[in-house]
Structures are given as structure tokens and as C-alpha cells.
Enquirer: 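Take a look at this one; I'll ask things after.
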Amino acid sequence: MFASFKSIGAYVPEKKLTNLDLEQMVDTSDEWIKKRTGIETRHIADKNETTSDMAYEAAKIAIKRAGINKDEIDAIILATISPDYFCMPSTACLVADKLDIKGAMTFDISAACSGFVYSLAMAKSFIESNFKKNVLVVGAEKLSSITNYKDRSTCVIFGDGAGAAVISRTEDKNEAILDVSAASDGKYYDLLLTPGGGSKYPTSLKTLEKEMHYIKMAGNETFKIAVKTLTEDVVEILQKNNLSSKDVDKFIPHQANYRIIEYVRSKLKFPKEKTVLTVAKYGNTSSASIPMAINDAYENKNLKYGDLMLLDTFGGGLTWGSALVKFAMK
Ligand code: UT7
């Protein structure tokens, strides 16, 4: 029995935030942002639009494209760092309610940008161990709700959006998720964090005044570890599966920064046309970035049934992971 990547769906909020808009908000320039990140626009959710609303929209598409009934979904794993509610209920529970799915196992996971790949690892295990049949895996973020639009080192990067996939049981080896790796090193916990609002610094007037509820990032240090880890991770998973970069049809890395992607791509010798890039239009959408990129490739007819995708991710924690996945949507 195998787990297969049956479908993909995504939701991109309507409102665009351009580099020129950001020039009006902080001391930055279109030229700097493009040169250092490759980002041109990012999409920002409406004030009343929540992470679960965006996840719901992406999930509806993924379920429809999987050709199954919503009631066949027996688990929902939702990766996010911007849940609708802090602590509880989980955003996955809210998505289940919006989809009118009753009785499924639903929970959120916190693995920052690596959340979607971490969720894939779990969905694969749930299916291969015969615990679940159809797992809805979602990466959804309203990062604009935890971004400080006075901090130029973070606000130019992040965007909102959601992506979802249905992972289902199959007997066909050609449709299998071949392998997923997921790892972390908590030593680097403070390179990328939201310091306030947790049990260490519970929300108080002081934490709010110090703006501790926003994302803080040591960008340059994170950048250096990201390029090294993202590269090593790919080498490892390819070697473990006796494959080379030539066997991969689509390289789909986390969309954090064009310079990071370009470094990893050229080091691993993936041709440009095999590399999926969405960072210019969506920015960094954390856990949503990889499923949004898969959806983009599919909708642009750049990904088809049977293609071998190599996913590669990295994020706060620090966490990272990669996956070799056959695209099994017919
Ligand atoms: O998604 C999960 C993991 N996250 C990542 O992988 C993100 C990794 N980091 C990055 O993408 C990059 O480090 C950033 C885009 C965040 C920053 O780019 P950088 O090339 O590493 O810049 P830097 O932090 O080394 O700063 C260089 C200069 C500094 O000025 P001084 O000290 O040289 O005068 C910054 O203050 O650029 C300045 N700077 C800016 N200038 C204009 C930082 N942000 C901006 C900005 N506009 N938005």
C-alpha cells in the first residue's frame, strides 16, 4: 500500500502589496527588494479574511480535483504559524467545520515554513500504516497579521495565501510518494521567532509595547544556514533513493528568496526550466509556499500526471525537509 499525492489546490488573496506600496511605508526601494529577494509583489488577505477562510478555499479545490467526496477525508493536517486562534481551537478544526466534514481527525502543526513537508511526512505514515485513507494536507498563512509593517527587514518578504493537497491510499507504486525527510535543530530557535504571546512572555502591555507579537528574523544568518541545509537535504534524499537530479521533473523549493533558490538550483544543477518559481509574485508565504507553487505549476501546465517532484524546504525552528513525490492528479 502506498500514499499518493492525488490533488492540489490553492487560494491567493485578491489584494496585492507591491514594492512601490512598501516604499511608502518603510525606508526601502523597489530596486533593493528585487535585487536582494527577487520579490515584486505579495498578496495580502482582507481584514476580515482569516487563515481558515483561505485554507477552506484551497481545500475545496483540492477535494474537487481529487474526485472524492468530502466525507471520505478522514484526517486534516494543517500547517500554519498564523492560526485563527492562538492555542485553540486548531485552524484544522475550523476548516473541517467550513467544509462540513464531521468526525475526521483534525490538528495543526507548527513547523514554520517546513510545515507542509512535515505534514506530508505524517500523511504518508498515516496511510502506509493503514491508519487513514484520505488525508487533507494544508499550508495556510495570514502572515500579514504577525508582520510588523515598520520593520523593513521582514515586511518586504512575507505574503498571505493557502495551498492544499489530498493524499490518498493507492496500490499503484507509480503514483507513490517515494520518500519524505524532515529534521530540525532547535539550537537556532532565536533566528526566526515571534517572541511574545506564548507562555514565556505572556501577552501584556509590555510585550505589546515592545512589539513582541511580530515575526523577528535574523535574516542574514538564516540565509547562510538555509542555502547550506537546502542543498545538503536534496543531496541526501536523492542518494538515499538512488536518484540523481536528472531523474527529477520539477524542483519545487520553498519560496523564501530568489537568491537562495538560485544558489541551491545551480549547485544541484537543476535547469531553470525544471525549477518552479513563484517568489516574485507571492513573496514568502511560509507553510503555504510549496503547495501554492505546486498549484501554480499545475495551472500553468508546467506539471503533469506522473512527474517526479522534488520538494525542498527550510524555516523557523530551525526546521527543514525534502520530499520525492509523484504528481498523481489525473
Ligand atoms: O522562510 C524561512 C526562512 N527565511 C529565509 O530563508 C530568509 C533568509 N534571509 C533573507 O532572505 C535575507 O537575509 C533578507 C532578504 C531578509 C535580507 O537580505 P540580506 O541581503 O541578507 O540583507 P542584510 O540583512 O545583510 O542587510 C544588508 C543591508 C543592511 O544595511 P547596512 O547595515 O548594510 O547599512 C540592512 O539594514 O540592507 C539593509 N536592509 C534593507 N535596505 C533596504 C535590510 N532590509 C532592507 C530593505 N530595504 N527592505
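Each ligand, and each atom within it, is numbered from 1 in the order the structure gives.
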Enquirer: Checking salt bridge (Lys or Arg N to Asp or Glu O under 4.0 Å) for the pair D296/K281: CA distance, chi angles, key distance, verdict?
Expert: CA-CA 11 Å; D296 212 71; K281 54 182 180 179; 3.2 Å; yes

Enquirer: Can you pull out the closest protein heavy atom to atom 47 (N) of ligand 1? Residue, atom name and distance to 0.1 Å, please.
Expert: T28 OG1, 2.7 Å

Enquirer: For E31, does the CD atom sit with more than 12 other heavy atoms under 6.0 Å from it, leaving out its own atoms?
Expert: no

Enquirer: Are M122 and M105 connected into the same hydrophobic cluster when the rule is that any two of I, L, V, M, F, W, Y join if their side-chain heavy atoms are below 4.5 Å apart?
Expert: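 The answer is yes; both residues are in one hydrophobic cluster.
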
Enquirer: Look up atom 34 (O) of ligand 1 and tell me if a protein heavy atom lies less than 4.0 Å from it?
Expert: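 So far as the 4.0 Å threshold goes, atom 34 (O) of ligand 1 is out of reach of every protein heavy atom.
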
Enquirer: Counting neighbours of NZ on K60 that are heavy atoms of other residues, nucleotides or ligands and sit closer than 6.0 Å, is the number greater than 12?
Expert: yes

Enquirer: My question is simple, although I want it checked carefully: is atom 8 (C) of ligand 1 less than 4.0 angstrom from any protein heavy atom?
Expert: yes

Enquirer: Looking only at side chains, do N284 and R42 share a donor and an acceptor under 3.5 Å apart?
Expert: no

Enquirer: To check your reading of the model: name the closest protein heavy atom to atom 39 (N) of ligand 1, its residue, and the distance in Å.
Expert: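 Its nearest protein heavy-atom neighbour is W32 CZ2, 3.5 Å.
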
Enquirer: Give the atoms of ligand 1, by number and element, whose distance to some non-hydrogen atom of F314 is under 4.0 Å.
Expert: 2 (C)

Enquirer: Hey, is OH on Y85 packed in by over 12 heavy atoms from elsewhere, all under 6.0 Å?
Expert: no

Enquirer: Does the protein come close to atom 44 (N) of ligand 1 - that is, does one of its heavy atoms sit below 4.0 Å from that atom?
Expert: yes

Enquirer: Taking the inter-plane angle between the rings of H43 and Y282 on a 0 to 90° scale, is it parallel (under 30°), tilted (30 to 60°) or perpendicular (over 60°)?
Expert: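 Aromatic pair H43/Y282 classed perpendicular.
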
Enquirer: Are Y298 and V279 connected in the hydrophobic side-chain network, where two residues link if heavy atoms are under 4.5 Å apart?
Expert: no

Enquirer: Name the option, out of N257, I260, T285, that contains the heavy atom nearest to atom 6 (O) of ligand 1.
Expert: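 The option holding the nearest heavy atom is I260.
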
Enquirer: Might you check, step by step, whether the distance between atom 26 (O) of ligand 1 and some protein heavy atom is under 4.0 Å?
Expert: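 Answer no: nothing from the protein, no heavy atom, is under 4.0 Å.
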
Enquirer: My question is simple, although I want it checked carefully: is atom 31 (P) of ligand 1 less than 4.0 angstrom from any protein heavy atom?
Expert: no

Enquirer: Could you identify the single nearest non-hydrogen protein atom to atom 48 (N) of ligand 1 and state the distance to 0.1 Å?
Expert: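 So the nearest neighbour among protein heavy atoms is R152 O, 2.9 Å.
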
Enquirer: Show the atoms of ligand 1 that are less than 4.0 angstrom away from any heavy atom in N220.
Expert: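 Atoms satisfying the 4.0 Å criterion: 13 (O), 19 (P), 21 (O), 25 (O).
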
Enquirer: Angle between ring planes, F5 versus F116, binned at 30° and 60°: parallel, tilted or perpendicular?
Expert: perpendicular

Enquirer: With heavy atoms only and a cut-off of under 4.0 Å, state how I33 meets ligand 1: side chain, backbone, both or neither.
Expert: neither

Enquirer: Quick one: which ligand 1 atoms are inside 4.0 Å of a heavy atom on T37?
Expert: 15 (C)

Enquirer: Please check: side-chain N/O of D30 versus main-chain N/O of N19, any donor-acceptor pairing under 3.5 Å?
Expert: no

Enquirer: Please indicate whether any nitrogen or oxygen in S29 is less than 3.5 Å from any nitrogen or oxygen in ligand 1.
Expert: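 No; the residue has no nitrogen or oxygen that sits under 3.5 Å from a nitrogen or oxygen of the ligand.
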
Enquirer: For atom OH of Y201, decide whether the heavy atoms of other residues, nucleotides or ligands shown that lie under 6.0 angstrom number more than 12.
Expert: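 No, because the 6.0 Å sphere around OH of Y201 holds 12 heavy atoms or fewer from other groups.
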
Enquirer: Quick one: does ligand 1 sit under 4.0 Å from the side chain of I157, the backbone, both or neither, non-hydrogen atoms only?
Expert: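 Only the side chain of I157 comes within reach of ligand 1.
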
Enquirer: Please check whether R259 reaches ligand 1 - meaning an N/O of the residue sits under 3.5 Å from an N/O of the ligand, judged on distance alone.
Expert: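 Yes: some nitrogen or oxygen of R259 is under 3.5 Å from one in ligand 1.
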
Enquirer: Suppose I only count heavy atoms of C113 and a 4.0 Å limit; which atoms of ligand 1 are within that range?
Expert: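 The atoms of ligand 1 under 4.0 Å from a heavy atom of C113 are 1 (O), 2 (C).
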
Enquirer: If you measure from the Lys or Arg side-chain nitrogens to the Asp or Glu carboxylate oxygens, is any gap between D100 and K98 under 4.0 Å?
Expert: no

Enquirer: Test of understanding: given a 4.0 Å heavy-atom threshold, classify the contact between V156 and ligand 1 as side chain, backbone, both, or neither.
Expert: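 Answer for V156: side chain.
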
Enquirer: Within ligand 1, which atoms have a heavy atom of M217 less than 4.0 Å away?
Expert: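 In order of numbering, the contacting atoms are 4 (N), 7 (C), 16 (C).
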
Enquirer: With heavy atoms under 4.0 Å as the rule, classify the contact between N284 and ligand 1 as side chain, backbone, both or neither.
Expert: side chain

